[in-house]
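In what follows, a single structure is set out as C-alpha cells and then discussed.
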Amino acid sequence: MRLDKYLKVARILKRRTVSKDLADHQRVLINGKTAKPASEVNVGDLITVIFGQRQLTVKVTETAQYTRKEDAASMYEVVEEKRVELE
C-alpha cells in the first residue's frame, strides 16, 4: 500500500494531500529512511511523521484498502509520541 494512502486510511492524517505534502518535504520516515508518497508500506514497518511540533512513530500492524473509523486505530500501534523543536 502507498504511504500517503496508508496514513489517510489509518486516520493518522486527515487527508491524502497532507500526507503527500509531508512526504515531499521529507517529514515522513519509514524504518528511519526518508520516504516518498508512493513508498510501499508493509506490516511491521515503523513510520515516523513530523507535523507541527509533534513527532509520531507508529508500527504498522495491518494494511487495508478501506476501513471504518472505529477500526482505523487497529491498523497501527503508537511506539512514541513527542514534541520537537523546529529549526
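None of the values given here were measured: they were computed from a predicted structure.
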| query | Would you find a donor on one side and an acceptor on the other, under 3.5 Å apart, between the side chain of Y6 and the backbone of M75? | reply |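 Checking the backbone N and O of M75 against the side chain of Y6, a donor-acceptor pair under 3.5 Å is found.
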| Between the side chain of R54 and the main-chain N/O of R83, is any donor-acceptor distance below 3.5 Å? |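 It does not hold such a pair.
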Would you name the heavy atoms of [X] and [Y] that are closest together and state the gap between them?
{"X": "V9", "Y": "A64", "result": "CG1-O, 3.4 Å"}
{"X": "D24", "Y": "P37", "result": "OD1-CG, 3.3 Å"}
{"X": "T63", "Y": "V41", "result": "CG2-O, 3.9 Å"}

| task | Would you mind telling me which of K20, R16, R15 makes a salt bridge (Lys or Arg N to Asp or Glu O under 4.0 Å) with D4? | result |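 That would be R16; it is the only one of K20, R16, R15 passing the salt bridge (Lys or Arg N to Asp or Glu O under 4.0 Å) with D4.
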| message | Please evaluate residues T61 and V43 with respect to the criterion side chain to side chain contact (heavy atoms under 4.5 Å, CB included), reporting the C-alpha separation (whole Å), side-chain torsions for both, the decisive distance (0.1 Å), and the verdict. | response | CA-CA 5 Å; T61 57; V43 174; 5.6 Å; no
Could you grab the distance from atom [atom1] of [X] to atom [atom2] of [Y], nearest 0.5 Å is fine?
{"X": "D71", "Y": "R11", "atom1": "CG", "atom2": "CZ", "value": "9.0 Å"}
{"X": "T67", "Y": "E62", "atom1": "OG1", "atom2": "CD", "value": "6.5 Å"}
{"X": "Y76", "Y": "L7", "atom1": "OH", "atom2": "CG", "value": "10.0 Å"}
{"X": "K36", "Y": "I30", "atom1": "NZ", "atom2": "CD1", "value": "12.0 Å"}
{"X": "T48", "Y": "Q55", "atom1": "OG1", "atom2": "CD", "value": "6.0 Å"}
{"X": "L3", "Y": "S39", "atom1": "CG", "atom2": "OG", "value": "6.0 Å"}

| field | Whether over 12 other heavy atoms sit under 6.0 Å from Q26 CD | value |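 No, not enclosed.
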Do [X] and [Y] touch side chain to side chain, with heavy atoms closer than 4.5 Å?
{"X": "M1", "Y": "Q65", "result": "yes"}
{"X": "V79", "Y": "V58", "result": "no"}
{"X": "N42", "Y": "V60", "result": "no"}
{"X": "V78", "Y": "T57", "result": "no"}

